[in-house]
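Written out below as structure tokens is the structure these notes cover.
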Amino acid sequence: MGWTSAKFRVKSGASTQTMEIWIYAQTMGKSLSEASLEILSEARRLANPHKWGVSAVILGDSPGITLDTLAQHGADRVFFVPSERPAAYCPEKVTEILVDLLKAHLPWVLLFPVNDVTNDLAPRIAARMRVGLIPRADRLHLSDDGTLTATRICFQRKIQATVVCPDARPQMATVGSGVMKVQKDTRKDRVPCECIEVNPETCLAGGASRVKVLRFIKADPKKIDISDADLIVCGGKGGGDKAQFEKIKNLADLLGAALAGSRVAVDNGCIGRERQIGQSGKSVSPELMISCGVSGANAHTFGMREAKTVIAINKDKNAPIIKLADLGVVGDLHEILPRLNHRIKKYLDQINPEKR
Ligand SMILES: Cc1cc2nc3c(=O)[nH]c(=O)nc-3n(C[C@H](O)[C@H](O)[C@H](O)COP(=O)(O)OP(=O)(O)OC[C@H]3O[C@@H](n4cnc5c(N)ncnc54)[C@H](O)[C@@H]3O)c2cc1C
């Protein structure tokens, strides 16, 4: 991959509107996050018919292989902001850096992957730029006049909305992970990607940050909203009465998972109503869901359609949930769970004896 490079002083000048799509890219360890590659590929797809440019902004300790990866997936320019600890997200600093870059270049569209950091960052930037923000888009379209149209599922996944921000620029959206396809840039006529190193001190010339990151505290799975949980253990009528349901609770505790239930489990008093999954409960989208003693009625599965991987334990091999699951375990959960919990506990004790 060919590179050109330049230094960029963000306060130096401005600015006519640039027919460009920008993305905010993030790293996971030493490589780019999958979600960043997804939105970059999508930006390239949207830009191609209009022959627009695509730029990525990335904070990192060294350009490394991430820049090549950005170029291979469609970036024409990369704004690289050296940052010693990109993981220690400081909202004010990053907002300041991005707002200065945006004011200098005025791109037409700006996309973010959805995660905890960007859920905080994107609204700050939208407010500072005085533009709208389309959160959690799952489909994007760029019309000939440059209007970005986004569809998103809202109101507990009961409505699909089509949203535009027709007036102000950049048009901003955050995009859910796993909905766009990662694709390499196959343009024959692409020019070498330009790397522009941004001096973050220049951006922060306005004053010191009021925010100091002291430490990160992991959310308590017992308290987080099940709609936000990445890992869920869900119990149904097969979990039995309140005392028998403890086995399912134990599994959730051991895994650090959020506990949820079917409507029958709620009606039986095994779990609170705010933890019900389904049509009259909540919709969830965990990376992994372990379903115990749930039949998989439509009214229930309606709320778990977005679960990435489902493991189901049910004594009936014909239960709909077993057919839907990625892994179906056919058997009595009151026999399986005590043994499974014992094995998990033993394993956790081995890998981390002090903490337990
Ligand atoms: C308008 C409307 C809205 C609704 N909204 C919701 C909703 O939001 N959420 C929801 O969940 N439901 C909802 N329901 C109810 C839904 O239709 C089902 O009745 C409910 O989901 C069934 O719950 P369940 O799977 O726990 O119980 P069941 O359907 O009775 O299934 C229990 C399962 O446990 C298995 N089992 C039993 N014992 C064991 C054991 N020892 N080991 C392993 N497996 C075992 C059985 O084989 C069975 O498959 C709604 C219904 C209506 C009409």
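Every heavy atom of this structure was used, including side-chain atoms; hydrogens, water molecules and symmetry mates were not. Both ligands and their constituent atoms are indexed starting at 1 by order of listing. If you read the sequence from its start, that first residue is 1, and numbering goes on from there.
Side chains of I248 and L337 form a contact here, defined as non-hydrogen atoms less than 4.5 Å apart. For the pair H50/L142, a side-chain contact is recorded, criterion being any heavy-atom separation below 4.5 Å from C-beta on. Between L110 and Q171, every side-chain heavy-atom pair lies at or beyond the 4.5 Å cut-off. No side-chain heavy atom of E306 sits less than 4.5 Å from a side-chain heavy atom of S283. Counting heavy atoms from C-beta outward, V99 and M129 have side chains that approach closer than 4.5 Å.
Every atom of ligand 1 with a heavy atom of S280 under 4.0 Å away is listed here by number and element: 3 (C), 4 (C), 5 (N), 6 (C), 7 (C), 8 (O). Using a 4.0 Å cut-off to heavy atoms of D316, the atoms of ligand 1 that qualify are 47 (O). Listed by atom number, the atoms of ligand 1 under 4.0 Å from H334 heavy atoms are 41 (N). For ligand 1, the atoms closer than 4.0 angstrom to any heavy atom of G236 are 26 (O). Of all atoms in ligand 1, listed by their number and element, those nearer than 4.0 Å to a heavy atom of I277 are 7 (C), 8 (O), 9 (N), 10 (C), 11 (O). Proximity to G281 (heavy-atom distance under 4.0 Å) selects the following atoms of ligand 1: 8 (O). If you number the atoms of ligand 1 from 1 as listed, the ones under 4.0 Å from a heavy atom of D332 come out as 40 (C), 41 (N), 42 (N). For ligand 1, the atoms lying closer than 4.0 Å to a non-hydrogen atom of G278 are 7 (C), 8 (O), 9 (N).
Atom 49 (O) of ligand 1 has its closest protein heavy atom at N314 ND2, 2.9 Å. Nearest protein heavy-atom neighbour of atom 53 (C) of ligand 1: R263 NH2, 4.4 Å. Summary of contacts: the protein heavy atom closest to atom 36 (N) of ligand 1 is G238 CA, 3.6 Å. Nearest non-hydrogen protein atom to atom 24 (P) of ligand 1 is S262 OG, 3.6 Å. Remark: minimum distance from atom 33 (C) of ligand 1 to any protein heavy atom is reached at G293 O, 3.4 Å. Atom 43 (C) of ligand 1 has K315 N, 3.2 Å as its closest protein atom, hydrogens excluded (heavy atom only). With respect to atom 20 (C) of ligand 1, the closest heavy atom belonging to the protein is V264 CG2, 4.0 Å. Ranking the protein heavy atoms by distance from atom 18 (C) of ligand 1 puts A297 CB, 3.7 Å first.
Under 4.0 Å from ligand 1, heavy atoms of S295 appear from its side chain as well as its backbone. Within the 4.0 Å heavy-atom criterion, neither part of I321 lies near ligand 1.
G331 counts as a contact of ligand 1, since one of its heavy atoms falls under 4.0 Å from the ligand.
Polar contact check, I313 against ligand 1: no nitrogen or oxygen pair lies under 3.5 Å apart.
Under a hydrophobic-cluster definition in which Ile, Leu, Val, Met, Phe, Trp and Tyr are linked whenever side-chain heavy atoms come within less than 4.5 Å, directly or via other members, I224 and I290 are assigned to different clusters.
Residue pairs meeting the salt bridge (charged side-chain N to carboxylate O under 4.0 Å, His left out) criterion with at least one partner in residues 39-52, sequence neighbours excluded, are E42-R45, R44-D76. Residue pairs that meet the side chain to side chain donor-acceptor pair (under 3.5 Å) test with at least one member in residues 118-134, sequence neighbours left out, are Y89-D120, E96-R128, N115-T118, D120-R124.
A tilted orientation is assigned to the rings of Y24 and F112, their planes being inclined by 30° to 60°.
Between the choices I322, N298, I336, L333, the shortest heavy-atom distance to atom 42 (N) of ligand 1 belongs to L333.
Annotation: K323, atom NZ; neighbour count of heavy atoms from other residues, nucleotides and ligands within 6.0 Å is above 12.
Using a 3.5 Å distance cut-off with no hydrogens or angles, the side chains of E20 and S55 do pair a donor with an acceptor. T66 and T69 share no side-chain donor-acceptor pair at under 3.5 Å.
In this structure, K345 does not pair ionically with D253, as no charged nitrogen and carboxylate oxygen lie closer than 4.0 Å.
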